[in-house]
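Here's the structure, in structure tokens; my notes come after.
All ligand and atom numbering here is 1-based and tracks the order in the structure. As the structure is a computational prediction, the values presented were derived from the model and not from experiment.
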Amino acid sequence: MAPPGPAGAHPNSAEPLSRRIFRKFLLMLCSLLTSLYVFYCLVERGQTLSGPIVGLSGGGEEAGDPDRGVLAGGPRELAVWPAATHRKRLLQLQQRRRRRQQQQRRPAAPRDDSDQTVWEEETPGLVVGPGGSGAGSSVAEAPPGTLALLLDEGSKQLPQAIIIGVKKGGTRALLEFLRVHPDVRAVGAEPHFFDRSYDKGLAWYRELMPRTLDGQITMEKTPSYFVTREAPARISAMSKDTKLIVVVRDPVTRAISDYTQTLSKRPDIPSFESLTFRNRSAGLIDTSWSAIQIGIYAKHLEHWLRHFPLGQMLFVSGERLIRDPAGELGRVQDFLGLKRIITDKHFYFNKTKGFPCLKKAEGSSKPHCLGKTKGRTHPDIDPGVVQRLRDFYRPFNLKFYQMTGQDFGWDG
Ligand SMILES: Nc1ncnc2c1ncn2[C@@H]1O[C@H](COP(=O)(O)OS(=O)(=O)O)[C@@H](OP(=O)(O)O)[C@H]1O
């Protein structure tokens with residue numbers, strides 16, 4: 001018979017000491033293994049959802065940007081939007097790579113009839129200081145393997161949509177605003193392929209394009225296409241499905257804007273009034289002057305409609321693009337089959353500039369207005385000459401309204 005134990009002692013207290021120690025050891029081992037497993041799972045989850053992204057972004061500009069549904073809050077949002085976040089980061093990396101390529105390709109002697117000279121100044125984040133933008137500094141922190149993998153993603157495509165005009169219509173503003181959309185990738189400079197460089201071939205043209213991922217649209221803008229006779233047939237030969245966007249503006253203001261640009265580069269040119277007329281006393285307009293000729297929209301449109309159905313063209317009002325950029329961007333996103341991501345939350349009116357600006361430009365967290373060559377002060381033009389031009393354009397404008405089914409309101 002075993003000796004009685006102390007009062008209240010456990011019935012198993014008779015168990016040998018070594019066995020009790022072994023049981024305790026087993027228990028501790030189990031808890032240790034469980035903790036290790038839980039810890040491992042947490043680390044795994046963290047890496048899948050945010051590891052490379054957080055590592056690359058170093059904090060990320062997306063935080064608190066509910067518009068894109070990316071990184072709006074904590075782990076729950078990460079769990080919901082990992083693909084979108086990854087994609088956004090890819091975009092930033094690709095953008096940096098594109099900037100490097102564009103800087104290498106910078107045109108040696110820009111022509112004076114386009115905004116090629118200023119696109120760089122107007123392309124947000126191109127000049128990256130020592131600290132770099134959010135995207136810039138993040139690239140430097142990326143593990144080399146990850147970076148190489150990310151930079152190799154996507155491929156260059158011919159554009160599926162082109163802003164074909166019109167010069168001084170507001171084409172740069174439209175492109176810069178559209179680039180905010182995560183599914184739009186656009187070349188910054190004007191390629192001038194279908195008017196000046198067609199002989200270089202489509203492979204050359206494609207090489208100018210940024211890389212895109214599945215579902216992203218490649219775009220470019222060259223406003224002179226709208227008035228280039230060969231452009232409709234050439235674009236149609238590239239793809240009959242190309243979507244065409246035309247930003248139009250009151251042709252009289254457009255002509256003055258065009259003249260103002262030329263004047264800024266060649267201050268010694270004759271006055272607007274004298275260039276307008278072939279014979280001033282007879283009131284005969286000089287339609288061979290490009291500043292006047294470009295504004296006869298109905299005539300140019302006729303050429304396009306021989307190659308493209310009207311439904312494949314979108315006419316954006318340059319005036320509304322200034323008054324209500326989000327409204328016009330809504331129409332453009334619908335036309336391109338894009339989710340309406342760019343909304344009024346993306347814009348603010350900059351009183352100093354006198355134009356709407358972006359709260360955050362593509363790949364940047366800073367506000368961005370277009371450069372000083374956009375929104376120039378126009379010279380005062382003789383009101384009689386302005387009236388004569390209004391009379392000249394009226395029938396063409398009415399024809400253009402009929403053709404497009406849109407009244408742009410330039411004639412009262
Ligand atoms: N948000 C914003 N900021 C600045 N400027 C704006 C904006 N939206 C439209 N615009 C108008 O765009 C006009 C220039 O048109 P483009 O970009 O098509 O010019 S260009 O053909 O590419 O040279 C430019 O013409 P000017 O005012 O004559 O300089 C502007 O009126």
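Scanning all heavy atoms of the two residues, the minimum distance from R254 to A291 falls at NH2-O, 2.8 Å.
Close to ligand 1: I322, with a non-hydrogen atom less than 4.0 angstrom away.
With K374, H378, K353 as candidates, the residue nearest to atom 5 (N) of ligand 1 on a non-hydrogen basis is K374. With distances taken over non-hydrogen atoms, the option nearest atom 12 (O) of ligand 1 out of G169, C369, G170 is G170. Counting only non-hydrogen atoms, the option in A173, S264, G165 that gets closest to atom 8 (N) of ligand 1 is A173.
Here F177 has side-chain heavy atoms under 4.0 Å from ligand 1, and that is the only part of it that gets that close. Under 4.0 angstrom from ligand 1, there are no non-hydrogen atoms of R320.
Residue D286 forms a side chain to side chain contact (heavy atoms under 4.5 Å, CB included) with just one option from R278, Q293, R280, and that option is R278. With Y401 as reference, W410 is the one residue of Y393, W410, F396 to meet the ring pair (Phe, Tyr, Trp, His ring centres under 6.0 Å) rule. Tested against H303, the residues H307, H300, K299, R306 include a single side-chain hydrogen bond (donor to acceptor under 3.5 Å, both in side chains) partner, R306.
Partners of R323 by salt bridge (Lys or Arg N to Asp or Glu O under 4.0 Å), not counting sequence neighbours: none found. For F315, the ring pair (Phe, Tyr, Trp, His ring centres under 6.0 Å) test picks out F400, with sequence neighbours left out.
Between P356 and ligand 1, at least one pair of N/O atoms sits closer than 3.5 Å. The distance criterion of under 3.5 Å between nitrogen or oxygen atoms is met by R249 with respect to ligand 1.
Atoms of ligand 1 found under 4.0 Å from any heavy atom of K221 (numbered from 1 in listed order, with element): 22 (O). Heavy-atom contacts of T171 reach the following atoms of ligand 1: 16 (P), 17 (O), 18 (O), 22 (O) (cutoff under 4.0 Å). The contact set between ligand 1 and S257, taken as ligand atoms under 4.0 Å from a residue heavy atom, comprises 25 (O), 26 (P), 28 (O). For ligand 1, the atoms closer than 4.0 angstrom to any heavy atom of Q261 are 23 (O). Proximity to E190 (heavy-atom distance under 4.0 Å) selects the following atoms of ligand 1: 22 (O).
A distance of 6.0 Å or more separates the ring centres of W289 and F277.
Aromatic ring pairs are classed by plane angle as parallel below 30°, tilted from 30° to 60° and perpendicular above 60°; the pair Y198 and F193 is tilted.
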